[in-house]
Amino acid sequence: MPQLIFLPHEDICPEGAAFDVEPGTTICDAAQQNGIEIEHACEKSCACTTCHVILREGFDSLTEAEEDEDDLLDKAWGLEPESRLSCQAVVGDEDLVIEIPKYTINMVSESH
């Protein structure tokens, strides 16, 4: 079973986190099931970029991004070549090291 390793994020998971996850689960769903509240303003419908994450390890184990996701990622804050929308990135068989960017383009968050 692959492991998701979240690097520390000042607000969302200050200590970082690591947990096993079933292949076929999205990064966003797995994070939420394990107490990491990744923002997802569009309710995981691939219509915003608030769930943007950067894969520091394991990027190539994910299925390729669809065109809609690629188009949205162009608008994400801090875009890198290994960026994905966590609501669309499906966990495969390899461990993933994930960084949650410090900012999103969402100026209003329901959690504040």
Exercise. Nearest 0.5 Å please: distance from the CD atom of Glu69 over to the CG atom of Asp74.
Key: 11.0 Å

Self-check item: Minimum-distance pair of heavy atoms, taken over all atoms of Pro101 and Val53
Solution: CD-CA, 3.9 Å

Practice problem: Drop me the distance from Cys13's SG to Asn34's CG, to the nearest 0.5 angstrom. | Solution: 11.0 Å

Quiz item: CD/Glu39 to SG/Cys48 distance, rounded to the nearest 0.5 angstrom?
Solution: 7.5 Å

Self-check item: Cluster link Leu85 to Ile12, ILVMFWY, side chain under 4.5 Å
Solution: no

Exercise. Provide the full list of ring-ring contact (aromatic ring centres under 6.0 Å, His included) pairs with a residue in residues 1-31, sequence neighbours left out, each pair given once.
Key: Phe6-Phe19

Quiz item: Can you find a pair of side-chain heavy atoms, one from His40 and one from Cys28, that are under 4.5 Å apart?
Solution: yes

Exercise. To the nearest 0.5 Å, tell me how far Ser86 OG sits from Gln32 CD.
Key: 8.0 Å

Quiz prompt | Shortest non-hydrogen contact between Val91 and Pro2, atoms and distance | solution = CG1-CG, 3.7 Å

Self-check item: salt bridge (charged side-chain N to carboxylate O under 4.0 Å, His left out) pairs, two or more places apart, involving residues 86-100
Solution: Arg56-Glu99

Self-check item: Nearest non-hydrogen partners of Leu4 and Ala30, listed with the distance
Solution: CD1-CB, 3.7 Å

Quiz prompt | Rounded distance [0.5 Å steps], CD1 in Ile98 versus CG in Leu7 | solution = 8.5 Å

Self-check item: 4.5 Å side-chain heavy-atom contact, Arg84 and Leu62
Solution: yes

Quiz item: For the atom pair NE2 (His52) and OG (Ser83), what is the distance rounded to the nearest 0.5 Å?
Solution: 2.5 Å

